[in-house]
Amino acid sequence: LLILAFGPGLALAGDKKIVLGFSQVGAESEWRTANTQSIKDAAAKEGITLKFSDAQQKQENQIKAIRSFIAQRVDVIAFSPVVETGWEPVLREARAAKIPVILTDRAVSSKDESLWVTFLGSDFVEEGRRAAKWLIDYQPVKELAAKGEVNIVELQGTVGSAPAIDRKKGFEEVLKDQPKFKIIRSQTGDFTRAKGKEVMEAFLKAEGKKINVLYAHNDDMAIGAIQAIEEAGLRPGKDVIIVSIDAVKGAFEAMIAGKLNCTVECSPLLGPQLMSLAKDVVAGKPVPRRIVTQEGVFPQETAAKEFPSRKY
Ligand code: AHR
C-alpha cells in the first residue's frame, strides 16, 4: 500500500485513512487503563482510525476480535496477548489475508516468529530482576537476612501471561544465589486489586507474622494486599515490606503514605510508538523486530519528589 502523509494528524494508506484494529486485554488494572488511553489519544493525534476491542481478560474474545478485524480488512492489527500461547491459527489467518500484526506490551510464544512483524513493550524478566535486586539491597531486609531467613510471598499476574511468567523468572534468577531468601507462598491474583486482597488474606491466614516480604507482579495487587495486611492488624511497608511493578500513580500514593516500599516501572504509554510503527508497517518500511521500553525503579524515598511529574 502507498502511504501519503498530509502533515501530522493524518495518516493515509493509499487514498484512505489507516485503519488499525487493536485488541486490548481488558481493564484489569490502573496500568491497563492508562495503556488504553495512550493508544486512543495517539490514534486520534495521528489521524489513524482505531477499531478498539476490550477482551475482558479472555483469550477467546481476543481471537474473535482479531477474526473480526480480518473480516473488516483493516490495514494493520495490533494486540496485547492475554496469554502467551494458542495464537498460531488466528495469526495464520491474518497472514493469509496479508494483514500485518504488531504485538504490544505482551509477547506470544510460538516457533513461527514470522506471524508478527514487531513486538513493542517492556522487558518483563528485567523488571523481575530489578525488583529482586532492590529487595536484597534494602537495609531493613539486609538486617532481617543477617538475623535469619527472609520469607517472601508472591502475588503472580494472570496465569500463562508473559508478565507473570517473566517477572517470576527474573525475580527467582536473582534470588537463586541468596539462600536466606525463601518464596514461601506464590499464587495468582490475576493482576487485579480484588484478587490481590483475597489471596493476601489467604497468605496471612496460612503464614501470619512469618511473612516478611510481599512481591506483587503489579501495583494493583499490592494495593489490594495492603488493605488485607492492615485488616490483619499489621503495618504494610514496615511489618511486611512490599515491592511491586508498574509505577502507577496509586503506587506513588501508597509509597508517600509509607505503605509500599518500592515500585519497578513498566510504562503503559505505548500509543505514540505504536502509531508510528503502524504507519511504517503499512507503508512497507522496515521496522525493528523488538522495541524495548525504557524504564526505572522508584523506591519509597523518591516518591514525593517524583509524584508530580508522573504521567500515569
Ligand atoms: O502486561 C502488563 C501488565 O498487565 C501490567 O503490569 C499489569 O498491571 C497489567 O494488567
Side-chain angles (χ1 to χ4, degrees), residues 22-39 54-59 61-62 78-85 87 102-109 116 119-132 134 154-171 188-197 199-200 214-226 242-254 260 262-271 273-274 290-298 310-312:
F22 185 83
S23 167
Q24 179 61 290
V25 169
E28 74 283 3
S29 61
E30 210 178 313
W31 188 101
R32 190 65 55 195
T33 311
N35 180 245
T36 293
Q37 201 53 51
S38 169
I39 288 162
D54 176 338
Q56 297 176 333
Q57 296 246 71
K58 292 201 179 79
Q59 183 173 34
N61 291 346
Q62 285 201 295
F79 79 117
S80 172
V82 60
V83 290
E84 279 192 336
T85 56
W87 300 102
I102 299 174
L103 301 180
T104 77
D105 159 37
R106 296 186 183 179
V108 159
S109 165
W116 59 92
F119 167 33
L120 162 69
S122 308
D123 180 342
F124 297 137
V125 179
E126 183 54 27
E127 290 171 352
R129 287 188 199 113
R130 285 178 181 157
W134 172 84
E154 179 182 31
L155 281 169
Q156 295 183 37
T158 303
V159 176
S161 70
I165 295 166
D166 292 353
R167 287 172 184 168
K168 183 167 187 51
K169 188 173 159 196
F171 191 76
T188 181
D190 214 11
F191 282 130
T192 69
R193 284 187 191 201
K195 258 305 199 69
K197 178 170 189 263
V199 178
M200 190 66 203
L214 164 65
Y215 167 45
H217 289 190
N218 83 343
D219 292 336
D220 281 74
M221 291 189 293
I223 291 165
I226 285 172
I242 310 174
V243 55
S244 56
I245 297 178
D246 277 354
V248 295
K249 280 188 180 162
F252 281 81
E253 282 159 3
L260 176 73
C262 180
T263 184
V264 174
E265 190 177 32
C266 175
S267 176
L269 307 178
L270 304 176
Q273 277 172 299
L274 173 59
R290 175 77 170 103
I291 300 163
V292 182
T293 319
Q294 299 306 307
E295 290 147 350
V297 176
F298 299 99
R310 296 302 296 165
K311 300 218 161 39
Y312 62 92

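When a ligand or atom number is given, it counts from 1 through the structure's own listing order.
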Taking side chain to side chain contact (heavy atoms under 4.5 Å, CB included) as the criterion, tell me which of Asp219, Asp246, Asn218 meets it with Cys266.
Asp246
Between Phe191 and Trp31, is the ring centre distance below 6.0 Å?
no
Show the distances, to 0.1 Å, for all pairs joining an N/O atom of ligand 1 and a protein N/O atom that are shorter than 3.5 Å, listing one pair per line.
| residue | atom | partner | partner atom | Å |
| --- | --- | --- | --- | --- |
| ligand 1 | 1 (O) | Arg32 | NH2 | 3.3 |
| ligand 1 | 1 (O) | Asp105 | OD1 | 2.8 |
| ligand 1 | 1 (O) | Asp105 | OD2 | 3.1 |
| ligand 1 | 1 (O) | Arg106 | NE | 2.8 |
| ligand 1 | 4 (O) | Arg32 | NH2 | 3.0 |
| ligand 1 | 4 (O) | Arg106 | NH2 | 2.9 |
| ligand 1 | 6 (O) | Arg167 | NH1 | 2.8 |
| ligand 1 | 6 (O) | Arg167 | NH2 | 3.1 |
| ligand 1 | 6 (O) | Asp246 | OD1 | 2.6 |
| ligand 1 | 6 (O) | Asp246 | OD2 | 3.4 |
| ligand 1 | 8 (O) | Ser29 | OG | 3.2 |
| ligand 1 | 8 (O) | Asn218 | ND2 | 2.9 |
| ligand 1 | 8 (O) | Asp246 | OD2 | 2.6 |
| ligand 1 | 10 (O) | Glu28 | OE2 | 2.4 |
| ligand 1 | 10 (O) | Ser29 | OG | 3.0 |

Member of Arg106, Arg167, Glu265, Glu295 meeting the side chain to side chain contact (heavy atoms under 4.5 Å, CB included) criterion with Ser122
Glu295
Would you call Glu127 and Arg130 a salt bridge, using N to O less than 4.0 angstrom?
no
Any side-chain donor paired with an acceptor under 3.5 Å for His217 and Glu154?
yes
Can you name the residues that form a salt bridge (charged side-chain N to carboxylate O under 4.0 Å, His left out) with Lys197, not counting sequence neighbours?
Glu201, Glu231
